[in-house]
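So you know, we letter chains A, B, ... as the sequences are listed, proteins then strands, and number each from 1.
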Number of protein chains: 2
Amino acid sequence: MEKTPTVYDVAEMAGVSIATVSRYFRNPAAVRETTRERVREVVRELGYVPSGSARGLAARRTGTIGVCFPSFDDVAQIDARRLEGGPPVQVRVDADAHVDTGSDLYIAEVVRGTEIEAWRHGFAVMIAVPRGAAAHNVVEGLAGRVDGLVTLARAIDADQLAHIARRLPVVVVAGPREGDVYDHVTANNHGGMVALTDHLIDDHRLTRLEFVGGPEDSPDAQTRFEGFTEAMLLAGLGVPERPIARCDFTRAGGRETGRRLLAEGLLDDLDGLVCANDQSALGVLDELTAAGVRVPQDLAVTGFDGIEASNVATPRLTTVRQPMVELGRLAVAQVLHRLNEPMTEPTTRVLPVEVLLRDSCGPHAGDVA
Amino acid sequence: MEKTPTVYDVAEMAGVSIATVSRYFRNPAAVRETTRERVREVVRELGYVPSGSARGLAARRTGTIGVCFPSFDDVAQIDARRLEGGPPVQVRVDADAHVDTGSDLYIAEVVRGTEIEAWRHGFAVMIAVPRGAAAHNVVEGLAGRVDGLVTLARAIDADQLAHIARRLPVVVVAGPREGDVYDHVTANNHGGMVALTDHLIDDHRLTRLEFVGGPEDSPDAQTRFEGFTEAMLLAGLGVPERPIARCDFTRAGGRETGRRLLAEGLLDDLDGLVCANDQSALGVLDELTAAGVRVPQDLAVTGFDGIEASNVATPRLTTVRQPMVELGRLAVAQVLHRLNEPMTEPTTRVLPVEVLLRDSCGPHAGDVA
DNA sequence: TTGTAGGCGTTATCAG
DNA sequence: CTGATAACGCCTACAA
């Protein structure tokens, strides 16, 4: 790289002041056409690119929204994996359908939504995953570089969240928790789970249902469980005190759970397994299929989220679709809103969900339109 | 938000100089324990967060890597879609397995890789999608805010790429093009496609094969086509001049292509369809299945990329897995490397691929280990 | 329409 | 170990 040119270099070479160069970028209409032309020329010539840092400092805003989300990938494993080596092409029979890429579609979609909405408003998006020992630094660095922050549940610890929320608008993508003062954007987890459970009970006549939960500290997982129990209760069925098992929202975790439930014979007199999310449901499905349990004939299985994999799995997974892209969009919209209206009360927006009846809960004559 | 505190506020309240406050963050070891404690206290008290802009300006580096990628979502449609409305829960039978979320798993995985590698080096990642009329501004804004840039193929036009590459390291995730001066990171598209085609020819005895291409301007799609023709040529088979069809790498595009090929009877005396990527292969598969064409019995279909959906589709799609996460990681690693060694020759790194033999090309006795 | 000048909040160098 | 004090590159009244 050549020495990076600045406004001064451009101004000098174009024979104008730095103010004019600045105007050329911020408000071209305020610059005479001929002058504009001259500046344009020099900018090309020099390969000038305005410094975002300088601009951010002077304008007191970065034009960037931060997005923070948790990661389930194993740090140590990342470190270990080599970036190279091996033959250029390897051919193998891939008989096992159970690959876990570690990717999280739900997060990817929400992030995509944030990018879309940010773009619509001329903002950029900065992503960060607080993992490892330096997690706090990651978050602090992010907070210092953005005008507002969107965070998924459990990505930032409560203390630090409180700290940075004093400086910039924070919107949490997940249900609010007790005494929580942030803006929230969430899907109708409760209503979706009630409707899904009702369907299993009313339309499929299933009565012996159990719930496979998510992480203890996930408010969404908790809300879904409550929706499940409420539907059971209202139907006059036995209400489980707690999930029959918990897993970490990953497919691998779902498989592990599936194996355990099978091994312990916990599935023997059960009609259905309602899972807290798709990935774990798919993992459970993997193991059931491998063990010869037929879904949905022997056991119904349902998920939650509506990721693409749930739609192409065999059997296709009945689930509740969250509007993931919209969650991300709305979160950013809310950040932007609060940037303008800082002093209004914290709000919680609940987006509608869609119960998608597919094959893993049984056949559908014409249940619903 | 209260008035944002600065180093000056912290320094004054802690009874130290701003230099010490700065040290507290950059090099805590250089500050006496007792002083450190005092500063820490005030930082908490005030809710102080260092300004990334000011820091970036003073330090002449932002600690951020930019990642630029194309988008296939329709801008007008985005604008139109409402963010709210509708009933809180909707229940419907979802009989059609053919949903296209518009998400691109390939990109999501590459981005995940960039984030991981950036994190390993203490960098943040800023993402941007140049779409719409302001595409140039998006890219320029990004370029001004980062220390280096990773771009996927076709995200940035050649002129602008040349412009910003004068100011910061640029790494392109895709094969190099004629007379191209950037660093590149790519998968072994050619070798992977040759090996896959060889497999179809040698192990399945398929001879009448056609290629479903990608976008005209995709170097990767082009390279894959060349791999295909090379294998055909070496096997002494008829070599198509060009792809039998082209589509835009999306599942919807694949379906459209599938419909056209079916309608025009182009599939009638064919053994197999080699597609340029998974999404389009899945789309083609959707239509074939709907039309009663049995895969692989009537026609073999293969993909390229190795996204998760290819693994759970019915039939499971034979494909070539690109190391997507590694592509992203390596791209960032290369940006970082060039940040230190600016004057070395442009390099192209080709990462190994894996041909995954699954069900969509026919049964595998024990072809390969 | 254009120029002047005073910040914006850090980092980094150099004394002490 | 700590404190002054220049940069750093741009924005934005205010003036001309």
- prompt: Do the side chain of B:Tyr182 and the main chain of B:Ala162 share a donor and acceptor less than 3.5 angstrom apart?
  reply: yes

field: Selection from C:dG9, D:dC11, D:dA4 that lies nearest to any side-chain heavy atom of B:Thr6
entry: C:dG9

task: Please state how far atom CG in A:Asp9 lies from atom C1' in D:dG9, giving the value in whole angstrom units.
output: 10 Å

- prompt: Taking the nucleotide of DNA chain D with the closest heavy atom to each, which residue, A:Arg23 or B:Arg23, is nearer the 5' end?
  reply: B:Arg23

Toward the 5' end of DNA chain D, by each residue's nearest nucleotide, B:Ala30 or B:Ala19: B:Ala30

query: At under 4.0 Å between heavy atoms, what does B:Ser53 touch on the DNA or RNA strands: base, sugar-phosphate, or nothing?
result: nothing

field: Basic-acidic side-chain contact under 4.0 Å: B:Glu326, B:Arg329
entry: no

query: Could you give the CG-to-P distance, from B:Asn27 to D:dG3, as a whole number of Å?
result: 15 Å

message: Side chain of B:Thr20 only, heavy atoms from C-beta on: which candidate in D:dC8, D:dT2, C:dT4 is closest?
response: D:dT2

task: Figure out the CZ/P separation between A:Arg38 and C:dG3, and round it to whole Å.
output: 8 Å

query: Can you tell me how far C1' of C:dT2 sits from CD of A:Glu12, to the nearest Å?
result: 17 Å

- request: Using a heavy-atom cut-off of under 4.0 Å over every strand shown, decide if B:Tyr48 touches base, sugar-phosphate, or nothing.
  value: sugar-phosphate

message: Checking contacts here: which listed nucleotide (C:dT2, D:dG3, C:dC8) is nearest the side-chain heavy atoms of A:Arg32?
response: C:dT2

query: So, B:His121 versus B:Glu117: side-chain donor-acceptor pair below 3.5 Å or not?
result: yes

message: Output the rounded distance in Å from OH (A:Tyr24) to P (D:dC11).
response: 14 Å

query: Side chains of B:His337 and B:Asp183: is there a donor and an acceptor less than 3.5 Å apart?
result: no

task: Could you tell me the separation between the OH atom of B:Tyr8 and the P atom of C:dT10, rounded to a whole number of Å?
output: 9 Å

message: Between P on D:dC14 and CD1 on A:Ile18, what's the gap in Å once rounded to a whole number?
response: 18 Å

- request: Please check the phosphate of C:dT10 (OP1 and OP2 only) for any side-chain N or O of B:Ser22 closer than 4.0 Å.
  value: no

query: To the nearest angstrom, how far is A:Phe25 atom CZ from D:dG9 atom C1'?
result: 13 Å

- prompt: Do the side chain of B:Arg60 and the base of D:dG9 come within less than 3.5 angstrom through a donor-acceptor pair of N or O atoms?
  reply: no

message: Regarding B:Val21, tell me which of base, sugar-phosphate or nothing describes its non-hydrogen contacts under 4.0 Å with the strands shown.
response: nothing

- line: OG1 of A:Thr20 to CZ of A:Arg23, rounded to nearest 0.5 Å, is 5.0 Å

